Number of protein chains: 2
Amino acid sequence: MNAFTPDLAAPRWNRLGAKRDAALARARAVSPTREIPPERIVELLEAVIEPGDRLCIEGNNQKQADFLARALVQTDPRRVRGLHLVQSVLALPEHVDIIERGQVERIDFSFSGPQAGRLARLVEGGQIAIGAIHTYLELFARYFVDLTPNVALVAAQAADRHGNLYTGPNTEDTPVIVEATAFKGGIVIAQVNEIVDVLPRVDIPADWVNFHVRAPTPHYVEPLFTRDPAIITETQVLTAMMAIKLYAEYGIRRLNHGIGFDTAAIELLLPTYGEELGLRGKVCTHWALNPHPTLIPAIEAGWVESVHCFGSEVGMERYVAARPDVFFVGADGNLRSNRAMSQAAGHYACDCFIGSTLQIDLQGNSSTATKGRIAGFGGAPNMGADARGRRHASPTWLKAGAEARAPGAMPRGQKLVIQTVETFREQMQPTFVETLDAWALAEASGMDLPPVMIYGDDLTHVITEDGIANLLLCRSAEEREQAIRGVAGYTPVGLARDRQAVENLRDRGVIRRPEDLGIDVRRATRDLLAARSIKDLVHASGGLYDPPKKFRNW
Amino acid sequence: MNAFTPDLAAPRWNRLGAKRDAALARARAVSPTREIPPERIVELLEAVIEPGDRLCIEGNNQKQADFLARALVQTDPRRVRGLHLVQSVLALPEHVDIIERGQVERIDFSFSGPQAGRLARLVEGGQIAIGAIHTYLELFARYFVDLTPNVALVAAQAADRHGNLYTGPNTEDTPVIVEATAFKGGIVIAQVNEIVDVLPRVDIPADWVNFHVRAPTPHYVEPLFTRDPAIITETQVLTAMMAIKLYAEYGIRRLNHGIGFDTAAIELLLPTYGEELGLRGKVCTHWALNPHPTLIPAIEAGWVESVHCFGSEVGMERYVAARPDVFFVGADGNLRSNRAMSQAAGHYACDCFIGSTLQIDLQGNSSTATKGRIAGFGGAPNMGADARGRRHASPTWLKAGAEARAPGAMPRGQKLVIQTVETFREQMQPTFVETLDAWALAEASGMDLPPVMIYGDDLTHVITEDGIANLLLCRSAEEREQAIRGVAGYTPVGLARDRQAVENLRDRGVIRRPEDLGIDVRRATRDLLAARSIKDLVHASGGLYDPPKKFRNW
């Protein structure tokens, strides 16, 4: 056989470039300039989007390319059709409207909280195929492999005349979307709030962007991470005290918190209960976290050295800008967030992830998926998974790994993955279940696997008002099951515990009750919170935090 | 207790900004402009670097900020001292010279191949403390948490008068280094090959960069990924045939290859043996890979849909630019690589990682670490680890997961992690060992854990000239050990196999010999390679590939 001789004539090598050139030529008929008049935007979308294109409508956790999304649902469904949506969040009604209009064939995404019910109905009705539900970094990774967008519709604060973009604090997903699209023959269209002569800083270079349009209204931003301290319960104060005891035990310095009230309570106990325990500088110094308003008291009390943010938070802009030693801030004085890099930080550079969930089964698998809602898990799977590629040691990681290792096994560290829950959630639904609702959802929606948020073999601790179960110390599936039952309170799962086994586990320190941890439960009152209202947070910030109207009641 | 009241006066919140402002003021005394005359560069470094600073000298796999590294070793050790190096690669002699000069206290890095011996001697002599050896993405993640550089010395192809940077095809680590440094009060200095009026494209915006300097010589680039087909052995052809059978069995479409000759052989068999098996379009379509010259024949034969690159490869520039449907190419016509995003792609969007190693133990732990060399593992730990945060399914991932799951366990997919090795390596050293040399290295260097490249519980298959061991199908540590012994040939580990156990494993398909896979070993000759020399690769590229001189022998 001879050495391989290529047929250089046969394949064409620039189909993507030719496709882009043709789209740009069609676009020139709509507007000869890269700045598009807002009233021509529907025409522009019809000119550049081809049937079957992979399309990303920037829908972040927070920032939304809402003007472009509204324009998209005004396009002619005979022209703009067969789309494959590849975007992290389906948040706006228009994201689902475009599906209902029959213009979308397939979606790959990470989170669809507000639209989860509508989406489930469309899937059950066979109107849409779900490729998969990803964790954010996984979806971004696929942008560079097999889900590269052909067209990206993104949002920024401002553009200059050349088309350079300034995102302001909500940089979020924009860099990764634009990079993947611009460098693989795609087209990038940005909506901006304003067009200026000189940008405060450049977040996205102009030659990565094809068109920009000044939207008639500023892009929508959702204050998704604001938790009003007024709503935190005394049970949440108790579980937060237990969490802080765990932080002390493992010396957890680098971590990520979920976005619930359970973890907001922890943030608000650091400058009070944590201070009492002498933990300042010893735990919670480095974070991958959005600028949670409930972190303000801990920052002001000198607990926090560094916070890298996935996105920003409405009302936190001035506060963040005034704390550049803590946050990542540009020469313009504003936050630069970056969801891709913050997810990488959460995965590889944090020793602990703690969050909440709706259901936990007997093996410790947990999920927020419920029948009739296809919501996804956002960043939790990435941060709530042991980072098996990690090779750097920290005392926290080594201690967790040493607890988990069987004798004779290769030594290795482990990430702490903690679920903090109440045994019953709203309407007295038990959090602990024999079978996750995820199984029924998978069945109804034709998924390959039940949508599990955090797998039991990645979970290390469960905290409830009943105590802490340390799953690292369990040596069999049976022990694990009893450890979980042992903190499941009066739920059916808890009541079915083997009392003797649970007492043995308590003797071994696998299960610890609040009193075993030296916690006086009578102190678990709201008085222990460093801020008990949004107003307290504003005060703690020295007036720099400017909460959205819906959180102001004074 | 009252709600927390902050002491707004006590902490200072802009120490980093003040530090940067002071450094910039000192720099202005060296040069009033952001373009620094090359002869003033040592002075500039002395002006901006403070004792104890975290410093990143951009040392990539390939591109090196070599002019700045040479300048650094000319600085006054009384002024520039106590540094903490945080950079992915220690490749240049200067990277270690600066340690020997006593200017560095601590290093955190990923790979130090060329300097591994010198580094080990410095560690053993107590002259340097190693923070940790990371996988790339893990180190980048820490840039945003607890290893943010204070000063970054980076390399680019060109700057314009404003200070915007163009990296050319070797973008590599630059974006992630600069982003972390520039947005946390740090200083960025770029060496460039040329200063031009208009850049072909902007890779790094000017307001993320403080200074640029035109280096007297172009930055060094190492052709690290060029494997001469002339050196591929017939044993490697045989193991490559087995690997392709495995690719067919699992339908592996999205993957990453290591950089050895074993995997180069696979690349060169795709258009011949793979074609014969009818696999085009069914396997190896999407890659996270540097532009390996040995992939040219497969690309030309129409096997490859997409390749995202960590970096570039010397001589491949024109070829890549001519294949923009396959590679990520900018409007300027050149590759845009990005190590951070390609590592994310390798972790989360690939179904398979295959590479080679120096040693494998009885549990399947593997390492390239040997006593007297502290080298690190680069990207292998990140890509050779099961991505437990992954939630999207593919047939490949589901099949691997189904093989691995115990009955009753929550179903889950799994990444294929394959080691392909010869049973003996150079100088008849056995690849299979009872105890990894990593244990002795850890002891000698005071490491917390033995430096394992890929952990046994992440490894799914071992390929040797003896056959394939499928570790997914092993149901106990004993089975796993016998499966590994069963493909370990005439090494002491192989000779100590339990013959009956190994035959049982073969009956169950856990071990498969070449003949079990339908491979005629007589066909495993170099004739099967699609290119048998660098010259063949140039021919296959239609003359677009321009190999470095050292690979030209015609």
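Chain letters run A, B, ... following the sequence lines, proteins first and then strands; every chain starts at 1. Only a predicted model underlies this, so the values are computations on that prediction, with no experimental measurement involved. Values reported hereafter were calculated over all heavy atoms of this structure, with side chains retained and with hydrogens, waters and symmetry mates removed.
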Heavy-atom closest contact (A:Leu16 atom, B:Pro324 atom, distance): CD1-O, 4.4 Å
Cut-off 4.5 Å, heavy atoms of chain B, and the answer for A:Leu449 is side chain
Closest heavy-atom pair, A:Ser306 versus B:Phe144, reported as atoms and distance to 0.1 Å, is OG-O, 4.4 Å
Tightest non-hydrogen contact, residues A:Ala141 and B:Ala344, listed as CB-O, 3.3 Å
Where A:Asp207 and B:Pro200 come nearest, the two heavy atoms and their spacing: OD2-O, 4.1 Å
Any non-hydrogen side-chain atom of A:Thr135 less than 4.5 Å from a side-chain atom of B:Tyr348? yes
For the candidates A:Glu305, A:Arg390, A:Arg142, which exhibits the highest count of non-hydrogen atom pairs separated by less than 4.5 Å from chain B? A:Arg142
In terms of heavy-atom proximity below 4.5 Å to chain B, should A:Pro175 be classed as side chain, backbone, both, or neither? neither
Under 4.5 Å from any heavy atom of chain A, what part of B:Arg254 do you find: side chain, backbone, both or neither? side chain
What residue, out of B:Glu138, B:His134, B:His308, has the most heavy-atom pairs lying under 4.5 Å from chain A? B:Glu138
Check: A:Asp108 and B:His392 side chains under 4.5 Å, non-hydrogen atoms: no
When B:Ile133, B:Val145, B:Asp386 are compared by non-hydrogen pairs under 4.5 Å with chain A, the top option: B:Val145
Counting only heavy atoms closer than 4.5 Å, note whether A:Gln343 contacts chain B via side chain, backbone, both or neither. neither
Given a strict heavy-atom distance threshold of 4.5 Å, which part of A:Asn365 is in contact with chain B: side chain, backbone, both, or neither? side chain
So which of B:Ala385, B:Gly413, B:Gly376, B:Ala132 has the biggest tally of heavy-atom pairs under 4.5 Å with chain A? B:Ala385
Counting only heavy atoms not in A:Lys19 (residues, nucleotides, ligands), do more than 12 fall under 6.0 Å from its NZ? yes
Looking at residues at least two apart in the chain, or sitting in another chain, which of them share a salt bridge (charged side-chain N to carboxylate O under 4.0 Å, His left out) with A:Asp325? B:Arg15
Are A:Thr148 and B:Phe328 close enough that some pair of their side-chain heavy atoms sits under 4.5 Å apart? yes
Which atom names give the shortest non-hydrogen contact between A:Asp458 and B:Arg412, and what distance separates them? OD2-NH2, 3.0 Å
Atom pair CZ (A:Arg336) and NZ (B:Lys184), whose distance is rounded to the nearest 0.5 Å: 15.5 Å
Mind jotting down which residue pairs meet the salt bridge (charged side-chain N to carboxylate O under 4.0 Å, His left out) criterion with at least one end in residues 447-456 of chain A? Sequence neighbours excluded, please. none
Answer with side chain, backbone, both or neither: which region of A:Ala322 has an atom nearer than 4.5 Å to a non-hydrogen atom of chain B? backbone
If I take atom CG from residue A:Asp146 and atom CG from residue B:Asp351, how far apart are they, to the nearest 0.5 angstrom? 8.5 Å
Within the distance-only criterion (no hydrogens, no angle test), does the side chain of B:Arg391 pair as donor or acceptor with the backbone N or O of A:Met453 below 3.5 angstrom? yes
Okay, side chain of A:Gln363, backbone of B:Met410: is any donor-acceptor separation there less than 3.5 Å? no
Give the member of A:Val307, A:Asn164, A:Val326, A:Thr285 that has the highest number of heavy-atom pairs under 4.5 Å with chain B. A:Val326
Let me know if A:Val452 has heavy atoms under 4.5 Å from chain B in its side chain, its backbone, both or neither. both
Heavy-atom cut-off 4.5 Å, strictly under: side chain, backbone, both or neither for B:Leu398 against chain A? side chain
So what's closer than 4.5 Å to chain B heavy atoms on A:Ala182: side chain, backbone, both or neither? backbone
Examine whether an atom of A:Ile454 lies under 4.5 Å from a heavy atom of chain B, and if so say whether it belongs to the side chain, the backbone or both; otherwise answer neither. backbone
So, do B:Phe183 and A:Asn338 sit near enough that their side-chain heavy atoms are less than 4.5 Å apart? no
Which of B:Arg253, B:Glu179, B:His347 touches chain A most, by non-hydrogen pairs under 4.5 Å: B:Glu179
Which bit of A:Pro395 comes within less than 4.5 Å of chain B, counting heavy atoms only: side chain, backbone, both or neither? neither
For the backbone of A:Val202 and the side chain of B:Trp208, can you confirm whether one donor and one acceptor N or O come within less than 3.5 Å of each other? yes
Under 4.5 Å to a heavy atom of chain B? For A:Arg201 that would be both
Region of A:Asp457 that comes under 4.5 Å of a non-hydrogen atom in chain B: both
Identify which part of B:Pro450 has an atom lying under 4.5 Å from any heavy atom of chain A, answering side chain, backbone, both or neither. side chain
Testing the basics here: between A:Trp13 and B:Ile299, what is the closest heavy-atom pair and its distance to 0.1 Å? CH2-O, 3.1 Å
